[in-house]
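Each remark here refers to the structure printed beneath this line.
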Amino acid sequence: MLEKTFQHIPGVGEKTEEDLWSQGCDSWQRYLENPGDFIVSPLHRKRLHAGVLESKCRLEEFDHEYFRRLLGTSLSWRAYNQFKDHACYLDIETTGLSPRDSHVTTVCLHSSRETKNYVLGENLNELKSDLQDYGYIVTFNGARFDLPFLRAKLAIPFPHIHLDLMQALHRLGYRGGLKYIEKQMGIRRETDGVGGLDAIHLWNAYRYGTTAEILGEKVRGKEALSLLIQYNREDTVNLVELAENTVKLLENTLKTK
DNA sequence: ACTCACTGAACTCGTTTGCA
DNA sequence: TGCAAACGAGTTCAGTGAGT
(Lines give C-alpha, C1' and ligand atoms only; values in the text may rest on other atoms or scores of the structure.)
Protein backbone atom coordinates (compact mmCIF):
# COMPACT_ATOMS: atom_id res chain seq x y z
CA MET A 1 0.00 0.00 0.00
CA LEU A 2 2.86 2.36 0.80
CA GLU A 3 4.31 1.96 -2.70
CA LYS A 4 1.08 3.18 -4.28
CA THR A 5 0.86 6.21 -1.98
CA PHE A 6 1.56 9.65 -3.44
CA GLN A 7 -0.15 11.86 -0.84
CA HIS A 8 2.98 12.06 1.30
CA ILE A 9 4.73 14.02 -1.47
CA PRO A 10 4.50 17.77 -0.71
CA GLY A 11 1.95 19.45 -2.98
CA VAL A 12 0.11 16.20 -3.68
CA GLY A 13 -3.21 15.65 -1.95
CA GLU A 14 -6.05 13.16 -1.94
CA LYS A 15 -7.53 14.36 -5.24
CA THR A 16 -4.26 14.25 -7.20
CA GLU A 17 -3.53 10.76 -5.84
CA GLU A 18 -7.02 9.53 -6.82
CA ASP A 19 -6.53 11.10 -10.25
CA LEU A 20 -3.23 9.22 -10.70
CA TRP A 21 -4.82 5.92 -9.65
CA SER A 22 -7.73 6.44 -12.05
CA GLN A 23 -5.17 6.83 -14.85
CA GLY A 24 -3.65 3.48 -13.93
CA CYS A 25 -0.68 4.94 -12.07
CA ASP A 26 -0.95 2.59 -9.11
CA SER A 27 2.65 2.38 -7.92
CA TRP A 28 5.87 4.40 -7.66
CA GLN A 29 7.51 1.94 -10.06
CA ARG A 30 4.82 2.42 -12.70
CA TYR A 31 5.20 6.19 -12.50
CA LEU A 32 9.00 6.02 -12.89
CA GLU A 33 8.79 3.61 -15.84
CA ASN A 34 6.50 5.79 -17.96
CA PRO A 35 5.90 9.21 -16.37
CA GLY A 36 4.73 10.59 -19.72
CA ASP A 37 1.74 8.22 -19.73
CA PHE A 38 0.02 10.17 -16.99
CA ILE A 39 -1.57 13.58 -17.33
CA VAL A 40 -0.47 15.85 -14.48
CA SER A 41 0.37 19.54 -14.28
CA PRO A 42 4.04 20.47 -14.87
CA LEU A 43 4.44 21.43 -11.23
CA HIS A 44 3.04 18.10 -10.01
CA ARG A 45 5.27 16.23 -12.49
CA LYS A 46 8.38 17.84 -11.04
CA ARG A 47 7.34 17.14 -7.46
CA LEU A 48 6.19 13.59 -8.20
CA HIS A 49 9.45 12.61 -9.86
CA ALA A 50 11.59 13.87 -6.99
CA GLY A 51 9.19 12.57 -4.36
CA VAL A 52 8.90 9.06 -5.79
CA LEU A 53 12.67 8.69 -6.23
CA GLU A 54 13.30 9.79 -2.66
CA SER A 55 10.53 7.57 -1.28
CA LYS A 56 12.04 4.49 -2.95
CA CYS A 57 15.45 5.21 -1.42
CA ARG A 58 14.01 5.89 2.02
CA LEU A 59 11.98 2.68 1.95
CA GLU A 60 15.07 0.64 1.03
CA GLU A 61 16.72 2.11 4.14
CA PHE A 62 13.57 1.61 6.27
CA ASP A 63 13.79 5.28 7.18
CA HIS A 64 10.79 5.37 9.52
CA GLU A 65 11.38 8.99 10.54
CA TYR A 66 10.99 10.13 6.92
CA PHE A 67 7.68 8.30 6.47
CA ARG A 68 6.43 9.32 9.94
CA ARG A 69 6.99 12.98 9.06
CA LEU A 70 5.35 12.83 5.63
CA LEU A 71 2.54 10.34 6.18
CA GLY A 72 1.26 11.88 9.38
CA THR A 73 -1.17 10.05 11.65
CA SER A 74 -4.02 9.56 9.20
CA LEU A 75 -1.89 7.75 6.58
CA SER A 76 0.50 5.84 8.88
CA TRP A 77 -1.51 2.64 8.29
CA ARG A 78 -0.32 2.58 4.69
CA ALA A 79 3.23 1.76 5.87
CA TYR A 80 2.07 -1.08 8.14
CA ASN A 81 2.82 -4.01 5.81
CA GLN A 82 6.23 -2.67 4.76
CA PHE A 83 7.28 -1.97 8.36
CA LYS A 84 5.61 -5.02 9.99
CA ASP A 85 8.96 -6.70 10.69
CA HIS A 86 10.12 -3.50 12.43
CA ALA A 87 6.88 -3.07 14.40
CA CYS A 88 6.04 -3.39 18.07
CA TYR A 89 2.66 -3.41 19.77
CA LEU A 90 2.46 -1.42 23.00
CA ASP A 91 0.08 -1.08 25.93
CA ILE A 92 0.59 0.43 29.39
CA GLU A 93 -1.18 0.18 32.73
CA THR A 94 -1.13 3.09 35.18
CA THR A 95 -2.46 4.12 38.57
CA GLY A 96 -4.77 6.72 37.01
CA LEU A 97 -5.59 8.80 33.97
CA SER A 98 -3.38 11.84 34.40
CA PRO A 99 0.44 11.67 34.19
CA ARG A 100 0.50 14.55 36.69
CA ASP A 101 -0.63 12.43 39.64
CA SER A 102 -0.31 8.84 38.40
CA HIS A 103 2.46 6.34 37.62
CA VAL A 104 3.11 3.76 34.93
CA THR A 105 2.87 0.37 36.67
CA THR A 106 3.33 -2.20 33.90
CA VAL A 107 4.04 -2.07 30.17
CA CYS A 108 3.90 -4.82 27.57
CA LEU A 109 5.88 -4.68 24.32
CA HIS A 110 5.01 -7.35 21.78
CA SER A 111 6.69 -8.01 18.42
CA SER A 112 7.35 -10.90 16.03
CA ARG A 113 10.56 -11.51 17.99
CA GLU A 114 9.34 -11.48 21.61
CA THR A 115 6.75 -10.38 24.14
CA LYS A 116 8.28 -8.53 27.06
CA ASN A 117 6.68 -7.19 30.22
CA TYR A 118 8.05 -4.26 32.19
CA VAL A 119 7.18 -3.68 35.85
CA LEU A 120 7.64 -0.54 37.94
CA GLY A 121 10.44 -1.10 40.46
CA GLU A 122 11.87 -4.02 38.47
CA ASN A 123 12.76 -3.47 34.80
CA LEU A 124 10.66 -0.51 33.63
CA ASN A 125 13.84 1.49 32.92
CA GLU A 126 14.76 -0.98 30.13
CA LEU A 127 11.76 0.10 28.03
CA LYS A 128 13.35 3.25 26.64
CA SER A 129 16.33 1.48 25.07
CA ASP A 130 14.27 -1.54 23.94
CA LEU A 131 11.96 0.77 21.96
CA GLN A 132 14.93 1.91 19.87
CA ASP A 133 14.90 -1.49 18.14
CA TYR A 134 11.65 -0.62 16.37
CA GLY A 135 10.53 1.85 13.70
CA TYR A 136 6.77 1.36 13.91
CA ILE A 137 4.45 1.34 16.95
CA VAL A 138 0.88 0.07 17.12
CA THR A 139 -1.40 1.13 20.02
CA PHE A 140 -5.05 1.62 20.86
CA ASN A 141 -5.65 5.25 21.81
CA GLY A 142 -1.89 5.58 22.28
CA ALA A 143 -1.81 9.03 20.71
CA ARG A 144 -3.80 10.42 23.60
CA PHE A 145 -2.88 8.08 26.43
CA ASP A 146 0.06 5.63 26.27
CA LEU A 147 2.60 7.73 24.36
CA PRO A 148 2.02 11.08 26.17
CA PHE A 149 2.14 9.17 29.49
CA LEU A 150 5.48 7.53 28.64
CA ARG A 151 6.87 10.84 27.35
CA ALA A 152 5.91 12.56 30.61
CA LYS A 153 6.93 9.87 33.09
CA LEU A 154 9.92 8.15 31.41
CA ALA A 155 11.10 10.87 28.98
CA ILE A 156 10.77 8.47 26.06
CA PRO A 157 10.92 10.11 22.62
CA PHE A 158 8.83 8.49 19.88
CA PRO A 159 10.43 8.91 16.44
CA HIS A 160 8.47 5.81 15.29
CA ILE A 161 5.67 5.71 12.75
CA HIS A 162 2.61 5.41 14.97
CA LEU A 163 -0.58 3.57 14.09
CA ASP A 164 -3.29 4.42 16.60
CA LEU A 165 -5.93 1.78 15.94
CA MET A 166 -8.61 3.71 17.75
CA GLN A 167 -8.33 6.63 15.34
CA ALA A 168 -8.14 4.32 12.32
CA LEU A 169 -11.16 2.30 13.44
CA HIS A 170 -13.04 5.51 14.17
CA ARG A 171 -12.64 6.44 10.50
CA LEU A 172 -14.11 3.06 9.56
CA GLY A 173 -17.16 3.75 11.72
CA TYR A 174 -16.15 1.60 14.72
CA ARG A 175 -16.92 3.32 18.03
CA GLY A 176 -16.28 2.13 21.56
CA GLY A 177 -13.34 0.89 23.60
CA LEU A 178 -10.80 -1.83 22.83
CA LYS A 179 -12.72 -4.68 24.47
CA TYR A 180 -15.96 -3.74 22.75
CA ILE A 181 -14.35 -3.63 19.28
CA GLU A 182 -12.47 -6.90 19.97
CA LYS A 183 -15.84 -8.58 20.59
CA GLN A 184 -17.27 -7.09 17.39
CA MET A 185 -14.34 -8.57 15.45
CA GLY A 186 -14.57 -11.94 17.17
CA ILE A 187 -11.24 -11.60 19.00
CA ARG A 188 -11.25 -13.64 22.23
CA ARG A 189 -9.42 -12.98 25.52
CA GLU A 190 -8.72 -15.03 28.67
CA THR A 191 -9.13 -12.01 30.97
CA ASP A 192 -12.62 -11.19 29.66
CA GLY A 193 -14.38 -8.94 32.19
CA VAL A 194 -11.20 -7.35 33.57
CA GLY A 195 -10.89 -3.59 32.83
CA GLY A 196 -8.60 -0.64 33.34
CA LEU A 197 -9.93 0.15 36.82
CA ASP A 198 -9.22 -3.46 37.86
CA ALA A 199 -5.65 -2.92 36.69
CA ILE A 200 -5.29 -0.19 39.35
CA HIS A 201 -6.77 -2.48 42.05
CA LEU A 202 -4.47 -5.32 40.99
CA TRP A 203 -1.42 -3.08 41.22
CA ASN A 204 -2.43 -1.91 44.71
CA ALA A 205 -3.05 -5.53 45.74
CA TYR A 206 0.47 -6.44 44.62
CA ARG A 207 2.30 -3.36 45.84
CA TYR A 208 0.49 -2.58 49.12
CA GLY A 209 -0.96 -5.95 50.09
CA THR A 210 -4.61 -4.85 49.78
CA THR A 211 -7.15 -7.35 48.47
CA ALA A 212 -8.57 -6.95 44.96
CA GLU A 213 -11.81 -8.63 43.99
CA ILE A 214 -11.62 -9.52 40.31
CA LEU A 215 -14.45 -11.48 38.64
CA GLY A 216 -15.64 -12.62 42.08
CA GLU A 217 -12.19 -13.89 43.13
CA LYS A 218 -10.05 -12.28 45.84
CA VAL A 219 -6.39 -11.81 44.83
CA ARG A 220 -3.30 -10.15 46.34
CA GLY A 221 0.49 -10.19 46.21
CA LYS A 222 2.29 -12.03 43.41
CA GLU A 223 -0.98 -13.51 42.20
CA ALA A 224 -2.37 -10.00 41.61
CA LEU A 225 0.75 -8.97 39.68
CA SER A 226 0.56 -12.11 37.61
CA LEU A 227 -3.05 -11.36 36.62
CA LEU A 228 -2.19 -7.72 35.88
CA ILE A 229 0.64 -8.83 33.58
CA GLN A 230 -1.64 -11.34 31.84
CA TYR A 231 -4.27 -8.63 31.29
CA ASN A 232 -1.66 -6.17 29.98
CA ARG A 233 -0.22 -8.87 27.72
CA GLU A 234 -3.59 -9.72 26.21
CA ASP A 235 -4.37 -6.07 25.54
CA THR A 236 -1.09 -5.87 23.62
CA VAL A 237 -1.02 -9.22 21.79
CA ASN A 238 -4.61 -8.74 20.60
CA LEU A 239 -3.49 -5.56 18.83
CA VAL A 240 -1.83 -7.74 16.14
CA GLU A 241 -5.10 -9.24 14.91
CA LEU A 242 -6.85 -5.90 15.32
CA ALA A 243 -4.16 -4.15 13.25
CA GLU A 244 -4.29 -6.78 10.50
CA ASN A 245 -8.10 -6.47 10.31
CA THR A 246 -8.01 -2.67 10.39
CA VAL A 247 -5.42 -2.34 7.62
CA LYS A 248 -7.35 -4.81 5.41
CA LEU A 249 -10.58 -2.86 5.98
CA LEU A 250 -8.87 0.45 5.17
CA GLU A 251 -7.41 -1.03 1.97
CA ASN A 252 -10.89 -2.20 0.99
CA THR A 253 -12.35 1.30 1.43
CA LEU A 254 -9.87 2.54 -1.19
CA LYS A 255 -10.65 -0.32 -3.60
CA THR A 256 -14.39 0.39 -3.44
CA LYS A 257 -13.92 4.12 -4.11
C1' DA B 1 -12.70 11.97 36.96
C1' DC B 2 -9.02 14.37 33.52
C1' DT B 3 -6.63 14.97 29.35
C1' DC B 4 -5.58 16.27 24.68
C1' DA B 5 -4.74 14.38 19.78
C1' DC B 6 -7.65 13.83 16.17
C1' DT B 7 -11.56 14.87 13.00
C1' DG B 8 -14.15 17.58 9.98
C1' DA B 9 -15.98 21.97 8.56
C1' DA B 10 -14.93 26.43 7.02
C1' DC B 11 -11.82 29.26 5.26
C1' DT B 12 -7.55 31.25 2.68
C1' DC B 13 -4.34 31.26 -0.86
C1' DG B 14 -1.77 29.57 -4.70
C1' DT B 15 -2.08 26.99 -9.04
C1' DT B 16 -4.26 25.30 -13.14
C1' DT B 17 -7.46 25.42 -16.82
C1' DG B 18 -10.22 27.25 -20.49
C1' DC B 19 -11.32 30.76 -23.43
C1' DA B 20 -10.74 34.84 -26.34
C1' DT C 1 -0.68 36.23 -23.58
C1' DG C 2 -3.97 37.71 -20.14
C1' DC C 3 -7.92 37.18 -17.47
C1' DA C 4 -11.48 34.90 -14.68
C1' DA C 5 -13.27 30.80 -12.88
C1' DA C 6 -12.43 26.43 -10.93
C1' DC C 7 -9.81 23.52 -8.33
C1' DG C 8 -7.05 21.71 -4.64
C1' DA C 9 -3.67 22.03 -0.82
C1' DG C 10 -2.90 23.88 3.53
C1' DT C 11 -4.46 26.15 7.89
C1' DT C 12 -7.39 27.12 11.78
C1' DC C 13 -10.53 25.94 15.34
C1' DA C 14 -14.24 23.86 18.09
C1' DG C 15 -16.10 19.53 19.52
C1' DT C 16 -15.43 14.65 20.53
C1' DG C 17 -14.39 10.42 23.10
C1' DA C 18 -11.71 6.59 25.31
C1' DG C 19 -7.57 5.52 27.99
C1' DT C 20 -6.56 3.96 33.58
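Proteins get letters first, then strands, A, B, ... in listed order; numbering begins at 1 in each.
A/T139 and A/D146 share no donor-acceptor pair across their side chains, judged by distance under 3.5 Å alone.
The CG atom of A/D164 sits 10 Å away from the C1' atom of C/dG19 (whole-angstrom rounding). Distance, A/L239 CG to C/dA18 P: 16 Å, rounded to whole Å. Between the C1' atom of C/dT20 and the CD atom of A/E93 lies a distance of 7 Å, rounded to the nearest Å. Rounded to whole angstrom, the span from the CZ atom of A/F145 across to the P atom of B/dA5 amounts to 14 Å. Across the protein-nucleic acid pair, A/L20 atom CG and C/dA9 atom C1' stand 15 Å apart, rounded to whole Å. One can place CG of A/L48 at 11 Å from P of C/dA9, the figure rounded to the nearest angstrom. Taking atom CE of A/M166 as the reference point, atom C1' of B/dT7 lies 11 Å away to the nearest angstrom. C/dT20 atom P lies 10 Å from atom CZ of A/F149, rounded to whole Å.
Counting any heavy atom pair closer than 4.0 Å across all strands shown, A/G176 reaches sugar-phosphate atoms only and no base atom. The residue A/D235 sits close only to the backbone: its heavy atoms come under 4.0 Å of sugar-phosphate atoms, none of a base.
Relative to the side chain of A/F140, the nucleotides B/dT7, C/dA18, B/dC4 differ in distance, and C/dA18 lies closest. The side chain of A/R171 approaches B/dT7 more closely than any other nucleotide in the set C/dA9, B/dC4, B/dT7. Here the nucleotide nearest the side chain of A/T16, chosen from C/dT20, B/dT3, C/dA9, is C/dA9.
We find that A/R30 and A/D37 are not joined by a salt bridge, their nearest charged nitrogen and carboxylate oxygen being 4.0 Å or further apart.
Within the structure, every side-chain polar atom (N or O) of A/T73 is placed at least 4.0 Å from both OP1 and OP2 of B/dA5. Applying the 4.0 Å criterion to OP1 and OP2 of B/dT3, one finds that A/R100 has a side-chain N or O inside that range.
Along DNA chain C, the nucleotide closest to A/T94 and the one closest to A/H170 are compared, and the more 5′ of them pairs with A/H170. Of the two residues contacting DNA chain B, namely A/R175 and A/L97, the nearest-nucleotide position lying further toward the 5' end is that of A/L97. Taking for each of A/L197 and A/A143 the nucleotide of DNA chain B with the nearest heavy atom, the 5'-most of the two is the partner of A/L197.
A donor-acceptor pair under 3.5 Å links the side-chain atoms of A/K128 to the main chain of A/A155, judged by distance alone. The closest donor-acceptor contact from the side chain of A/T246 to the backbone of A/L242 lies under 3.5 Å. Between the side chain of A/T236 and the main chain of A/H110, no donor-acceptor pair closer than 3.5 Å is present.
Side-chain contact between A/Y231 and A/R189 is present, with at least one heavy-atom pair separated by less than 4.5 Å. Residues A/L90 and A/L239 are not in side-chain contact: their nearest non-hydrogen atoms beyond the backbone lie 4.5 Å or more apart.
The six-membered or imidazole ring of A/F83 lies away from that of A/H64, with a centre-to-centre distance of 6.0 Å or more.
For DNA chain C, none of the residues of residues 218-234 of chain A falls under the heavy-atom distance limit of 4.0 Å.
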